[in-house]
Amino acid sequence: MTPASRPDWCLILLFLAVLRGESRYIQMREAAEDAMFLLNSDFKRELSEGQIYRRSLRCIDMLSIEGQFTFQADRPQLHCALFLIGEPEEFIVIEYNFVNIDCIGGDILKVFDGWIIKGEKFPSSLDHPLSMVERYTDLCEDGNVGSITRSSQNVAMIFFRVQQPGHGFTLTIRKIPNLFPCNVISQAPNGRFTMIIPHQHRNCSFSIIYPVVMKIFDLTLGHFNELQLKKPPPKGCGDAGDFVELLGGAGLDPSKMFPLADLCHSFHGSAQMKIGCDNTVVRMVSSGNFINRVTFEYNQLDRQLEKQQGNSVEEVCFPTD
């Protein structure tokens, strides 16, 4: 990872730590207090009884919970971003309740369908159903108060610039179910997930912004109604229309990552790989002819321990023994 990009990843990891309630490891008091408050069982009970969670937004902020959120500038704020993330099985819905910005004077309020950091996108352009132009919703050009935007996956991002003190906006964030999650950024460094692409010609990526130990337990490719095709599989995955690949890199965009492994043959069992990259992606490519499925488990890799044991994984984005 380059020195220029590392602060951005540190910021993302900081926010993800806050959302998991790991406040004892960070010095961002306000965000940590918010996170711990959201974990309180009494608070969750109140939300379940119809109460709406409300709070103010910071210029750089991150949200993982539903509610109504307001930004009001106390001074010119020129480069602001709000990262939104849900569970893998959720879409994010954004409703504009109140907007008081000067679009003619150069203020900005844009939603991006995914995340983008220093030009690197998730999902990548290869994996997203919309073009780059279509992934942006510009309130100054296209939207109005009361309009609604829905993400295509469990992450979205809002860019805004508010130059006049006292100006700002109010948004309501909701989550709705996604029956077949495709592109996902994990909130946690540990977890288990099953990716299913049912007869759809699409690519899906699951991103973990941590070095991990990856275990693949089950892979089903090229099946139809549980019957294996009689045609022999191709040698390697280059000519296969259905396959899974493991990718690693220092950025956000899967299309710019190192290919670590290709899997194009179905198997039942367990395969493990240690990946020492800052970002790990499980990516499935589907021809649309079959129901493809992969189940995997990931746990954060302790790179310091790996170094002590003689495995060089600190800055090398390749699998380790």
Side-chain angles (χ1 to χ4, degrees), residues 9 12 85 88-89 113-117 120-130 132 135 151-155 178 180-189 191-223 233-234 236-267 270-299 301 317-319:
W9 282 112
I12 295 297
I85 188 167
E89 301 84 3
D113 191 7
W115 280 3
I116 183 168
I117 301 174
E120 294 212 3
K121 307 171 291 294
F122 184 91
S124 73
S125 298
L126 297 177
D127 297 345
H128 201 283
L130 302 178
M132 274 300 294
R135 291 173 71 173
S151 69
S152 302
Q153 60 286 311
N154 78 318
V155 292
N178 179 2
F180 293 102
C182 182
N183 295 302
V184 173
I185 291 181
S186 176
Q187 293 188 40
R192 186 183 178 101
F193 187 75
T194 297
M195 181 185 294
I196 303 174
I197 305 182
H199 296 291
Q200 294 176 327
H201 181 43
R202 66 191 305 191
N203 307 326
C204 296
S205 293
F206 190 101
S207 175
I208 308 113
I209 310 177
Y210 305 88
V212 296
V213 178
M214 179 68 65
K215 296 180 181 179
I216 296 179
F217 292 100
D218 185 73
L219 176 62
T220 302
L221 294 170
H223 284 64
C237 294
D239 297 326
D242 303 88
F243 63 92
V244 168
E245 57 181 350
L246 299 182
L247 306 171
L252 190 66
D253 194 326
S255 67
K256 299 180 180 180
M257 292 183 179
F258 297 105
L260 304 177
D262 289 337
L263 304 170
C264 50
H265 304 293
S266 299
F267 73 87
S270 177
Q272 176 175 302
M273 179 180 291
K274 295 178 182 178
I275 303 174
C277 305
D278 291 307
N279 192 7
T280 302
V281 167
V282 179
R283 182 172 182 263
M284 177 180 282
V285 175
S286 177
S287 65
N289 297 321
F290 313 105
I291 299 176
N292 294 324
R293 172 191 180 109
V294 61
T295 297
F296 54 91
E297 181 179 286
Y298 51 98
N299 294 281
L301 179 69
C317 234
F318 287 96

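- Residue Leu301 comes nearest to Ile275 through the heavy atom pair CD2-O, 3.7 Å, listed as atom of the first residue, atom of the second, then distance.
- In this structure, Ala188 and Ile208 approach most closely via the heavy-atom pair O-CG2, 4.1 Å.
- Residues passing the side chain to side chain donor-acceptor pair (under 3.5 Å) test with Ser286, sequence neighbours excluded: Asn292.
- Without hydrogens or angle criteria, Asn183 side chain to Ser205 main chain gives a donor-acceptor distance under 3.5 Å.
- Looking at Glu120, its side chain does come within 3.5 Å of a backbone N or O of Asp253 through a donor-acceptor pair.
- Put simply, NZ on Lys274 and CG on Asn299 are 12.0 Å apart, with the number rounded to the nearest 0.5 Å.
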Exercise. Apply side chain to side chain contact (heavy atoms under 4.5 Å, CB included) to the pair Glu245 and Val281, showing each step before the final yes or no.
Key: CA-CA 8 Å; Glu245 57 181 350; Val281 167; over 6 Å; no

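- Looking at residues two or more places apart in sequence or on another chain, you find a ring-ring contact (aromatic ring centres under 6.0 Å, His included) between Phe206 and Phe193, Phe296, Tyr298.
- Taking the side chain as every heavy atom from C-beta outward, Pro254 and Lys256 never approach each other to under 4.5 Å.
- The minimum heavy-atom distance between Val184 and Phe122, with the atom names listed, is O-CZ, 3.3 Å.
- For Ser152 against Asp113, the heavy-atom pair with the smallest separation is OG-OD2, 2.6 Å.
- Residues meeting the salt bridge (Lys or Arg N to Asp or Glu O under 4.0 Å) test with Asp127, sequence neighbours left out: Arg283.
- Checking side-chain atoms of Thr194 against main-chain N and O of Thr295 turns up no donor-acceptor pair under 3.5 Å.
- For the atom pair CD1 of Ile116 and NZ of Lys121, the computed distance is 6.0 Å after rounding to the nearest 0.5 Å.
- At distances below 3.5 Å, not a single donor-acceptor pair connects side-chain atoms of Asp278 with backbone N or O atoms of Gly249.
- Ala271 is linked by a side-chain contact (heavy atoms from CB on, under 4.5 Å) to Phe267, counting only residues two or more places apart in sequence or in another chain.
- Pairs engaging residues 202-215 under the salt bridge (charged side-chain N to carboxylate O under 4.0 Å, His left out) rule: none recorded [sequence neighbours left out].
- Using a 4.5 Å heavy-atom threshold, the side chains of Val282 and Leu246 count as touching.
- Remark: Ser207 engages Asn279 in a side chain to side chain donor-acceptor pair (under 3.5 Å) (not counting sequence neighbours).
- Remark: Ser125 engages no residue in a side chain to side chain donor-acceptor pair (under 3.5 Å) (not counting sequence neighbours).
- The main-chain N or O of Ile185 is found under 3.5 Å from a side-chain atom of Asn154 such that the two form a donor-acceptor pair.
- For residues 286-297, the set of pairs meeting the salt bridge (charged side-chain N to carboxylate O under 4.0 Å, His left out) definition, not counting sequence neighbours, comprises Arg192-Glu297.
- In this structure Ser287 satisfies the side chain to side chain donor-acceptor pair (under 3.5 Å) test together with Asp242, Asn289, sequence neighbours excluded.
- When all heavy atoms of His265 and Leu221 are compared, the closest pair comes out as N-CD1, 4.2 Å.
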